[in-house]
Amino acid sequence: MQLWKGRFKKELDEKTNDFNSSISFDSRMYKQDIDGSIAHATMLQSRGIISAEDLSLIVKGLNEIKKEITDGTLTIDPNAEDIHTFVEGELTKRIGDAGKRLHTARSRNDQVAVDIRLYLRDECNEVLKLLTELIGVIADKAEKYAAAVMPGYTHMQRAQPITFGHHLLAYAEMLLRDKDRLSDAAERMNYSPLGCCALAGTTYDTDREMTAEALGFNGAVQNSLDGVSDRDFCLELASVLSIIMMHLSRFSEEIILWCSWEFKFVELDDAFSTGSSIMPQKKNPDITELVRGKTGRVYGDLITLLTMMKGLPLAYNKDMQEDKEAIFDAFDTVKICLVTFIPMLSTMKALPDNMRRAAAEGFINATDCADWLVGKGIPFRDAYKATGELVALCIDRGTTLEELSLDEYKKVCEAFDEGVYEKINLDNCVNGRTSLGGPAPENVLGQVKRVRELNK
Ligand code: ARG
């Protein structure tokens with residue numbers, strides 16, 4: 001059934017009908033479509049455009065349709081052009097002429113724009129909840145491992161000592177920003193295009209502020225062409241989702257490394273790992289690899305949307321029907337990734353002994369050794385050079401800075417004394433790093449508090 005029969009003499013070609021139809025992916029917006037229609041009809045009646053009897057038939061009919069689709073007693077016709085067509089057709093089948101009055105002073109162009117905003121508003125709230133949960137898990141783990149010394153890396157080379165809690169909290173910071181970005185984009189999206197009609201508003205005496213308020217929008221979109229042409233919110237949300245995936249992907253990559261025998265900093269719970277069909281010893285971090293892989297998919301959704309909108313003249317063009325699959329897929333993907341990632345992370349066991357062992361190798365206390373000399377009045381550049389010579393000596397001998405004798409220290413720089421050993425002790429290296437944002441256990445505990453506060 002099409003809504004636009006009048007001027008056509010032939011039925012739509014069957015394959016063209018399939019090609020043109022969006023029902024397979026827009027039927028998930030049936031609730032939003034019905035809520036939008038109820039708000040619209042209520043407004044039409046309040047303005048005397050439809051009668052009270054028609055309104056009550058429409059509201060009753062639409063609520064029944066909503067209930068029946070939800071409980072499965074009404075099947076959505078897969079041949080319908082889209083969800084808007086299906087709901088209106090079904091309503092008219094049930095209540096006759098009153099159903100045919102619903103579309104007064106409205107077009108599918110503003111209808112779909114409202115539906116998608118309402119639908120995405122709920123999706124944003126779900127993702128926000130999941131991000132909050134994930135940040136909570138990270139904060140708990142960071143608190144537990146606030147004093148677990150591990151090597152921090154640059155260029156994937158051991159660099160300076162940090163704590164596992166500190167490392168984890170870096171992700172909490174990223175995800176807190178993601179929450180901000182998502183709420184911010186959702187807020188900007190929360191304006192109603194309902195009543196913009198096809199493109200040019202209407203001559204009926206409608207009240208767009210009334211429908212906007214009824215549907216929980218902050219207000220009405222102020223230009224009718226913009227209202228039906230705008231998909232900025234899809235682009236913004238897909239960008240935010242891409243950044244979330246990028247963060248999850250970096251976290252995943254690190255977990256993959258940490259699980260390897262080369263690192264063995266963490267162990268994933270059996271419930272969140274997989275085996276190999278041939279190698280009996282294998283325990284693979286598939287979930288994190290999938291999250292990393294699916295990141296590309298969400299980036300693809302963003303590029304789809306950006307490309308779809310590029311060069312489109314105002315106002316509605318059918319190209320825009322392509323918005324839904326991309327933005328829905330981006331949300332679906334982020335949600336399933338978070339839903340799996342959260343319990344995987346919360347059950348992940350850290351192995352602090354292995355972290356400490358790794359921290360003990362690789363001269364990650366060399367900067368502290370140089371800093372000690374600076375404390376003795378040696379200019380940093382000279383202190384750096386002297387420490388470099390000590391590291392070279394250790395590498396030659398296969399030993400560590402802790403194991404060199406004081407004589408050997410003094411040969412390189414007279415200023416050394418016994419105090420250097422205390423300074424380069426790993427725990428002291430970490431405990432002393434109390435600068436704002438630093439890895440010292442006391443800082444980590446303070447940051448955990450701050451993160452929990454911001455995550456409320
Ligand atoms: N199914 C369409 C979409 O998703 C609804 C809007 C149709 N409007 C139109 N003038 N053909 O974009």
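Worth knowing before you read on, the calculation uses all heavy atoms, side chains too, and leaves out hydrogens, waters and symmetry mates. First listed ligand is number 1; within each ligand, the first listed atom is number 1.
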Extract all N/O-N/O pairs under 3.5 Å that connect ligand 1 to the protein, and present each with both atom names and the distance rounded to 0.1 Å.
{"from": "ligand 1", "atom 1": "1 (N)", "to": "S22", "atom 2": "OG", "distance (Å)": "3.0"}
{"from": "ligand 1", "atom 1": "1 (N)", "to": "D82", "atom 2": "OD2", "distance (Å)": "3.0"}
{"from": "ligand 1", "atom 1": "1 (N)", "to": "Q321", "atom 2": "OE1", "distance (Å)": "2.8"}
{"from": "ligand 1", "atom 1": "4 (O)", "to": "K324", "atom 2": "NZ", "distance (Å)": "2.7"}
{"from": "ligand 1", "atom 1": "8 (N)", "to": "N109", "atom 2": "OD1", "distance (Å)": "2.9"}
{"from": "ligand 1", "atom 1": "10 (N)", "to": "N109", "atom 2": "OD1", "distance (Å)": "3.0"}
{"from": "ligand 1", "atom 1": "12 (O)", "to": "Y316", "atom 2": "OH", "distance (Å)": "2.5"}

| query | With F331, which residues qualify under ring pair (Phe, Tyr, Trp, His ring centres under 6.0 Å), at least two apart? | reply | none
| request: Would you mind checking if E453 and K449 are paired as a salt bridge, meaning a charged N to carboxylate O distance below 4.0 Å? | output: no
| query | Is the shortest side-chain N to carboxylate O distance from D33 to K66 below 4.0 Å? | reply | no
| Flag if over 12 foreign heavy atoms under 6.0 Å of CD, Q281 | yes
| query | Taking 4.0 angstrom as the limit, do D115 and K324 come out as a salt bridge? | reply | no
| message | Within 45 degrees of the ring normal and closer than 6.0 Å to the centroid, is that where the cationic atom of R121 sits relative to F217? | response | yes
